[in-house]
Protein chains: 2
Amino acid sequence: MPDWLAYVPRGRRECAYANVRLASRVIGTIYDDALKPVGLRAAQLALLWAIVAMEPVDMTSLGRETATDQTTLSRTVENLRRAKLVSVQAGEDRRVKVIRLTASGRLRFAAAMPYWERAQAEAAKLLSLEALQGMGRSIRRARRSTATEAA
Amino acid sequence: MPDWLAYVPRGRRECAYANVRLASRVIGTIYDDALKPVGLRAAQLALLWAIVAMEPVDMTSLGRETATDQTTLSRTVENLRRAKLVSVQAGEDRRVKVIRLTASGRLRFAAAMPYWERAQAEAAKLLSLEALQGMGRSIRRARRSTATEAA
DNA sequence: CGGGGAAACTTGCATATGCAAGGGATGGCC
DNA sequence: GGCCATCCCTTGCATATGCAAGTTTCCCCG
């Protein structure tokens, strides 16, 4: 048997990325389906959620907290802006863009919540939300500490 | 405090999708970086890996096992084909496409393994690979049973 | 055999994702 | 006051992702 065959995912050596991406796709589909009635994609609600928690917020902070590349945010935020869910204004420092929810963004966010609840319940049937939460916490903690030591 | 504020992720109600997507992005970056020397993206290695395990395999089976939409596969497999890592031929049933690794696909896969090991080790610092594996298993199990009951 | 429906894949469109490179604004340093 | 390094964001390119709709091939049933 050639060496590389030993790496084939038989037994217990599974690729961490393959697992997390599988989970991401499956869970994402659940949320996308559930949120269809409010016309939001799962990723959009997640981004709105972060903005709700942080507003008024600039692109850089948002990227840092959500571990998202600037360039991705630049465009996903623009999508939310086109949908009139957020406003984007130049800050006092005019390099900075200040992002806020609009009134209709708040309404849409609130309207999404019951559907989000259902998706969350659906997801809970597939995997442990607690495990997921632990995973998120541990990643965020690790990122914070590496950011600190890099500074 | 308006009702919707209660849903802001303070305390313990975190969105499952936000967590899994965060993990997916962070882990994906680790693997992408690690695999740069062999010129593979993490997603491409994951797909090659599935093909290695299943070849010769058709699009539909590959999609079922990896929980990937047909249309996504249609294009990601085409990318691998352009890179000459896999071959795609019409099956006996000419609707079916039969996917196999090429010789150079095998070499590249083998070459990627040491870098994959490093990425895997790096990922293990951020989260529990065992937890991730359990999550993957539980999702796959659930999907199999729903597929069965739908049949 | 000859339709018609079903199966397997592809194409059109839209979003998300990120690296490399670019553009404008700031601020510190002279 | 002017210059340049730096910061913040955007654009160009490439990949991944999936729904809706289309195309080709197959097979069953009459």
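Since the structure is predicted, the reported quantities are computational estimates derived from the model, not experimental observations. Quick note on labels: first sequence line is chain A, next is B, and so on, each numbered from 1.
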**Request:** Verify whether one side chain among B/Tyr17 and A/Gln120 offers a donor that lies under 3.5 Å from an acceptor in the other.
**Result:** no
**Message:** Testing the 3.5 Å rule here: is there a donor-acceptor pair between the side chains of A/Arg81 and A/Ser87?
**Reply:** no
**Complete:** From CG of B/Leu73 across to P of C/dT10 the rounded distance in Å is 10 Å
**Item:** B/Arg81 CZ to D/dT15 C1', straight-line distance once rounded to whole Å
**Value:** 16 Å
**Item:** Considering all heavy atoms, the nearest B/Ile27-B/Ala123 contact
**Value:** CD1-CB, 4.1 Å
Would you mind checking if [Y] and [X] are paired as a salt bridge, meaning a charged N to carboxylate O distance below 4.0 Å?
| X | Y | result |
| --- | --- | --- |
| A/Glu130 | A/Arg137 | no |
| A/Glu14 | B/Arg140 | yes |
| A/Glu78 | A/Lys97 | no |

**Message:** Using OP1 and OP2 only, check whether a side-chain N or O of A/Arg94 sits under 4.0 Å from C/dT26.
**Reply:** yes
**Request:** Spell out protein contact along nucleotides 1-8 of chain C as letters: B when the base is contacted, S when just the sugar-phosphate is, - when no protein heavy atom is under 4.0 Å; keep the 5' to 3' order.
**Result:** ------BS
**Base versus backbone protein contacts along nucleotides 16-21 of chain C [heavy-atom cut-off under 4.0 Å; B, S, -]** = SBBBB-
**Prompt:** Would B/Met113 and B/Glu117 satisfy side chain to side chain contact (heavy atoms under 4.5 Å, CB included), going step by step from the backbone distance to the final call?
**Reply:** CA-CA 6 Å; B/Met113 285 301 107; B/Glu117 291 281 3; 5.6 Å; no
Under 3.5 Å donor-acceptor pairs involving side-chain atoms of residues 34-47 of chain B, not counting sequence neighbours:
unit_1, atom_1, unit_2, atom_2, d
B/Arg41, NE, B/Asp32, OD1, 3.4
B/Arg41, NH2, B/Asp32, OD2, 3.4
B/Gln44, OE1, B/Arg41, N, 3.0

